[in-house]
There are 2 protein chains.
Amino acid sequence: MTQASAPIDLSQLRRSCRACGLLELCLPAGIDQAELERLDSSVRDKRTLESGGMLFRQGDPFHALYVVRSGTLKTVVQDADGAQQVLGFHLPGEIVGVDALAHDAHQSSAEVLERSSICELPYSRLEELTAQIPGLQRQLLRIVSREMVAEQSHVVTMGRQQAQERLAIFLRSLSERYGRLARDTTHLILPMSRYDIANYLGVVVETVSRLFTRMEDLGVLRVSRKVIHILRPDLLGEMCGAGGARERAGRAS
Amino acid sequence: MTQASAPIDLSQLRRSCRACGLLELCLPAGIDQAELERLDSSVRDKRTLESGGMLFRQGDPFHALYVVRSGTLKTVVQDADGAQQVLGFHLPGEIVGVDALAHDAHQSSAEVLERSSICELPYSRLEELTAQIPGLQRQLLRIVSREMVAEQSHVVTMGRQQAQERLAIFLRSLSERYGRLARDTTHLILPMSRYDIANYLGVVVETVSRLFTRMEDLGVLRVSRKVIHILRPDLLGEMCGAGGARERAGRAS
DNA sequence: CGGTCCGTTGACGGGAATCAAGGAAGGTGG
DNA sequence: CCACCTTCCTTGATTCCCGTCAACGGACCG
């Protein structure tokens with residue numbers, strides 16, 4: 001897993017709250033410099049985890065939220081039957097652990113897919129801050145709501161019955177998020193396995209493998225193990241909506 | 001849509017915040033009687049909508065959260081292609097509109113499936129209250145997080161590749177929620193159409209129709225139009241996990 | 001009473017799951 | 001450094017579930 005991906009990006013490791021994904025949730029609320037310092041000092045608590053490590057497990061008591069500083073995580077839920085479902089992949093700047101707010105216990109497990117650096121935000125500390133900083137609470141609500149919307153768009157993706165559409169949407173979404181990180185949007189390095197992708201999309205691994213091959217044959221992608229080169233973003237975009245032909249009305253009521 | 005379902009339940013219409021689903025989010029935080037009165041008076045704003053009416057539409061500016069007092073809603077999201085995806089059905093005591101917190105605009109539309117009474121909680125008013133009532137903010141976070149977890153379980157449902165499992169899970173979940181409303185858990189009256197159910201589960205109508213017939217043949221249900229009688233809850237439970245046989249490992253990484 | 005939408009059923013075909021096998025990569029221990 | 005093993009990924013053959021197309025009865029509504 002610690003293969004050909006770029007060596008540790010020091011500049012990324014040094015990013016403080018100022019450059020963090022969480023910041024957008026503070027600044028618009030009119031947080032001043034002093035308040036930002038306070039926030040920054042609260043999240044100093046960082047840790048680095050190796051591939052395969054667990055940030056938290058389903059059922060663990062809740063005591064902190066986490067922000068990915070570098071690397072990638074996946075969140076997985078396991079139901080009574082032992083069947084697993086991948087809920088999401090989390091890139092730098094994205095938050096993890098929000099589902100634990102509901103019942104004071106994590107509803108999913110977070111596993112590290114490649115060496116990652118994580119910011120830990122102890123919730124007790126966060127509560128103190130929200131009491132002092134007006135607007136931070138509102139921003140916190142915004143974050144959680146945003147996570148819910150992300151989950152909804154996952155539902156929309158799985159609502160497509162063509163597996164190819166699902167994979168196309170997944171790749172496009174990943175590309176967009178890479179763009180937000182100022183990475184090359186046409187050169188994706190997938191930290192997750194084909195199994196993870198398949199499970200995330202609700203198909204089997206063979207289907208994902210075949211679809212990669214098909215997309216390669218169509219000249220949309222070039223696939224080489226973990227590296228996906230998007231040759232035709234336009235075609236990829238077309239494949240996201242109704243696999244090439246008529247619209248699926250999706251009539252309801 | 002306003003067919004054989006029970007006539008308007010007056011006792012239900014009279015329920016105040018005390019008996020409302022939202023209350024559980026206030027009480028544990030140690031809200032006292034006076035505070036409860038204040039909260040109650042803020043949500044006095046109720047409205048009744050007829051079947052087919054829209055509570056809000058995708059894109060509408062956010063200004064309130066809503067709680068279903070009686071009746072049923074569905075939330076639907078429409079993507080760029082015009083394809084629709086049903087995100088959920090909302091029974092009395094359940095909250096709607098939380099997805100608008102993220103971007104100050106509703107990300108989905110809420111349609112009324114049968115005559116419904118809705119409590120409106122103007123967000124401006126809610127913000128005032130949260131400033132005054134300690135703990136209410138925490139409870140609000142809890143609500144939103146809970147909605148996210150609900151969305152996650154929808155993902156888990158759609159992750160099952162057997163359509164029968166999905167329908168079984170849907171029915172069991174609906175039965176459980178009926179139980180929470182002190183309704184008969186074996187006698188479901190479905191306010192939503194087969195199209196809605198199909199779309200919600202990511203299958204086509206014909207599949208839902210056939211599955212109802214099959215489940216009836218298996219002696220699990222009795223189906224009569226909108227009325228579903230669960231004859232064998234135990235069998236229904238079995239059908240939720242791995243359609244009858246081996247476990248689907250769902251291995252991932 | 002005609003129109004429209006809803007729900008069911010049948011026939012058919014396609015797309016994806018299943019079963020099976022083999023190669024490539026990565027990690028470990030000798 | 002190589003042998004060995006495990007895991008990952010791919011490809012092929014086959015099966016079958018479910019989506020598609022089509023037709024029809026029933027409910028609801030103007």
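Throughout, a chain's letter reflects where its sequence line sits, starting with A, and its residues are numbered from 1.
- For the segment residues 205-217 of chain B, residues with any heavy atom less than 4.0 angstrom from an atom of DNA chain C are, sorted by number, B:E206, B:S209, B:R210, B:T213.
- For B:R180, there are no salt bridge (Lys or Arg N to Asp or Glu O under 4.0 Å) partners two or more places apart in sequence or in a different chain.
- Under the salt bridge (charged side-chain N to carboxylate O under 4.0 Å, His left out) criterion, the residue pairs touching residues 166-177 of chain B are B:E94-B:R177, with sequence neighbours excluded.
- The distance between the ring centers of A:F56 and A:F62 does not fall below 6.0 angstrom.
- Taking the side chain of B:V223 as heavy atoms from C-beta on, and the options C:dA17, C:dG7, C:dT8, the nearest nucleotide is C:dT8.
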N/O donor to acceptor pairs below 3.5 angstrom from side-chain atoms of residues 203-211 of chain A, sequence neighbours left out:
none

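- One can place CZ of B:R166 at 10 Å from C1' of D:dC18, the figure rounded to the nearest angstrom.
- For B:T72 and B:H90, the side-chain atoms include no donor-acceptor pair closer than 3.5 Å.
- You'll find the ring centres of B:H187 and B:Y178 outside the 6.0 Å limit.
- Comparing C:dG15, C:dA17, C:dC6 by their closest approach to the side chain of A:Q162 singles out C:dG15.
- Residues satisfying the salt bridge (Lys or Arg N to Asp or Glu O under 4.0 Å) test with A:D217, not counting sequence neighbours, are none.
- Taken over five-pair windows at either terminus, the axes of the helix from C:dC1-D:dG30 to C:dG30-D:dC1 are inclined to one another by 50° (rounded to 10 degrees).
- For D:dT10, the OP1/OP2 oxygens have a side-chain nitrogen or oxygen of A:R194 closer than 4.0 Å.
- Close to D:dC9, at under 4.0 Å from its OP1 or OP2, lies a side-chain N or O of A:K226.
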